[in-house]
Amino acid sequence: MNRLIPPSKRLIAQFSPTAAFNIPGDKSLSHRAALFSALAEGESMISNFLDSGVTHVMLTALSALDIEWTLDANTLVVHGKGLNGFTTPAEPLYCGHSATTIRLLAGAVAASGIGVTLDGSPGLRKRPMDRIIDPLRKLGVEISASNTGTAPLVLTARDPRKGLLGGTIQLSQASAQVKTCVLLAGLAAQSDLIIHEPGPSRDHSERMLKSMGVPLQINGLTIRMPQFSTPLQPLSLRLPGDISAAAFLIVAAIITPESNFIFEEVGLNPTRTGLLDVLTAMGANLDMQVTSQIAGELTGRIIARSSKLNGITVSGDLVVRMIDEFPIFAVAAACAEGETVVKDAGELRYKESDRIKALCQQLQKIGIKIRETQDGFIIQGNQHIPGGTAQSCGDHRLAMSLAVAGLASKHGVSVEGANIINQSFPAFFDLLQHTGTSL
Ligand code: S3P
C-alpha cells in the first residue's frame with residue numbers, strides 16, 4: 001500500500017478517551033498485560049488494550065498455549081491458569097515480526113516448563129536472541145537456536161517436579177525485553193534471583209509484576225526477586241495511551257505551522273519520555289503534566305504546538321529512554337536550526353530494520369541531509385524538506401516518520417509499504433486526518 005501525505009498547515013486536534021479520537025493503548029504494556037494475565041490465576045480485565053498486528057500475534061500464541069481470552073472494543077479479558085497453566089502447543093508458536101512477543105514468551109514458557117518452538121517472520125529470524133539464550137541457560141533452561149543465535153528457538157520440556165535456578169544474572173544490554181524474559185523465567189526459580197542491568201531500560205514489567213504481588217526489590221540497576229510461590233494476582237486496569245505512538249503526532253504538531261494538539265491520558269513513565277525531554281531542550285513549545293497513576297504507571301496530559309527547534313546532541317542513557325523514537329526524532333531534527341548528532345545508538349541496528357541504515361537511506365530519498373555513522377547519525381538542520389517517494393523497509397516506525405515528514409515537505413511524501421503501520425498503530429492515518437491533514 002502506498003500513501004501520499006501532502007504538505008499541510010494549521011493542524012488542530014484533541015486526543016482523549018472521551019473524545020472521538022484517542023491515542024491507542026501502550027504497546028509494551030499491552031504485551032505485558034496479556035501475557036502476565038495468562039500466568040496469573042483468575043480473570044484479568046484490561047481496557048484500552050492495543051488492538052494491532054503485534055498484539056494479535058501475542059494473543060494468538062496464548063490461544064495456542066490453551067489460554068482463553070476475548071477482545072471486545074479494546075477491552076481484553078484473559079482467563080489466567082497460573083504459572084504452570086500452559087498446554088504444549090501442536091505447532092511452533094509463530095511470533096510474526098514481534099521481538100517483544102518472542103522474547104517475553106520465551107521467559108514465560110521457560111517458567112511454565114513445557115517444550116515449545118518459537119519462530120517468526122524472516123525479519124524476526126534475523127534479530128539477535130543470544131541476549132536471552134545466555135541468561136536463560138544460566139537459569140537452567142534447556143534452549144537452542146539456529147547457529148547464528150537467532151530464531152527458531154527450541155525450549156525443551158522440564159521435569160515438572162523441578163524448578164529453575166536462581167542466582168545472579170548480568171545482562172549484556174540495557175533492554176527491557178531481555179530483562180522481562182529473565183524476570184518471567186525467574187518466577188519459577190527455586191532460590192532468589194538478582195538481575196544487574198548495564199543501564200536503565202523501561203521498567204513496565206517491574207511495576208506490573210509488583211502490582212500482581214511479586215515482591216521485587218529494586219535498587220538502581222539491580223533487581224532482586226526473592227524466591228516465592230504465591231500465585232500472581234489477576235490484573236484490572238486501563239492502559240495509558242502509547243507515548244511512542246503519540247510521538248509521531250507530537251512531532252507533527254511541532255513541525256507543522258500554526259498547529260496545536262492536546263493529548264490526554266498518555267503514559268508518562270520517565271523511562272519512556274526521553275523524546276519529550278530532548279524536544280524541550282531543542283526549544284519545543286511542549287507542556288506535560290502528570291494527572292494520575294494507573295497500576296504504578298504515570299499518566300497525563302501533553303500539549304504540543306508549532307515550534308522553532310535548535311539542533312542538539314543525543315547520547316548515553318538518554319538513548320534508551322527514547323529508543324523507539326529515533327525515526328521521528330530525525331524528522332524533527334531536519335526541521336531544526338543547526339546540526340543534530342546522535343551517538344551511542346548502535347542498538348538501533350537490531351530493531352525492525354537496521355534503523356540507522358534504513359532511516360538514513362529513506363530520509364535521503366525525500367531530500368533530507370542525513371549521514372550514517374557507526375553508532376548513530378548526523379543531520380544538517382534548517383532544511384526545507386523537498387519530499388518524494390520512500391519505502392517503509394518493513395518498519396512501522398519508519399513508515400509513520402516518513403508520513404509526518406510529508407506534512408512539513410514542499411511536495412509531499414509518498415510512503416511505499418505503509419500497511420506495515422497496522423502492526424502497531426492501525427488508526428494512524430485516521431488520527432492524522434482528524435487533525436486536518438487532507439489525505
Ligand atoms: C520493548 C523494549 C524495547 C523497544 C520495543 C519494546 C518492550 O526493545 O524497542 O519496541 O516492550 O520491552 P529492547 O528491550 O530490545 O530495547
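Computed over heavy atoms, backbone and side chain alike; hydrogens, waters and symmetry mates excluded. First listed ligand is number 1; within each ligand, the first listed atom is number 1.
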Exercise. If you draw the axis of the six-membered ring of F429, does the NZ or CZ of R3 fall within 45° of it and under 6.0 Å from the ring centre?
Worked result: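 Yes, R3 sits over the ring of F429.
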
Exercise. Looking at atom 14 (O) of ligand 1, what's its closest protein heavy atom, distance included?
Worked result: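 Going by distance alone, atom 14 (O) of ligand 1 is nearest to S175 OG, 2.7 Å.
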
For this session: If you have a sec, work out which protein heavy atom is nearest atom 11 (O) of ligand 1 and how many Å separate them, to one decimal?
Result: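 Result: S28 OG, 2.6 Å.
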
Between [X] and [Y], do the side chains contain an N or O donor and an N or O acceptor separated by less than 3.5 Å?
X: S28; Y: R202; answer: yes
X: Q423; Y: S52; answer: no
X: E352; Y: H97; answer: no

Hey, is [X] touching ligand 1 through its side chain, its backbone, both or neither, going by heavy atoms under 4.0 Å?
X: K27; result: side chain
X: Q173; result: neither
X: K179; result: neither
X: H31; result: neither

For this session: Output the distance between atom CD1 (I243) and atom CD1 (I302), rounded to the nearest 0.5 Å.
Result: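 Rounded to the nearest 0.5 Å, the CD1-CD1 separation comes to 3.5 Å.
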
Exercise. Is there any N or O on A176 that sits under 3.5 Å from an N or O of ligand 1?
Worked result: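 Looking only at distances, the answer is yes, because the N/O contact criterion of under 3.5 Å is met.
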
For this session: Classify the angle between the aromatic ring planes of F261 and F15 as parallel (below 30°), tilted (30 to 60°) or perpendicular (above 60°).
Result: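 Judged by the thresholds at 30° and 60°, the geometry between F261 and F15 is perpendicular.
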
Going by heavy atoms, is [X] under 4.0 Å from ligand 1?
X: T180; answer: no
X: R32; answer: yes
X: K351; answer: yes

Exercise. Would you find more than 12 non-hydrogen atoms of other residues, nucleotides or ligands less than 6.0 Å from R371 atom CZ?
Worked result: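 Incorrect, the count does not exceed 12.
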
For this session: Count the heavy atoms of every other residue, nucleotide or ligand shown that sit under 6.0 Å from CZ of R349, and state whether that count exceeds 12.
Result: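 Yes - once you tally the heavy atoms of other residues, nucleotides and ligands closer than 6.0 Å, there are more than 12.
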
Problem set entry | Best match, I323, L104, D324, V178: closest heavy atom to atom 10 (O) of ligand 1 |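 Result: the heavy atom closest to atom 10 (O) of ligand 1 is in D324.
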
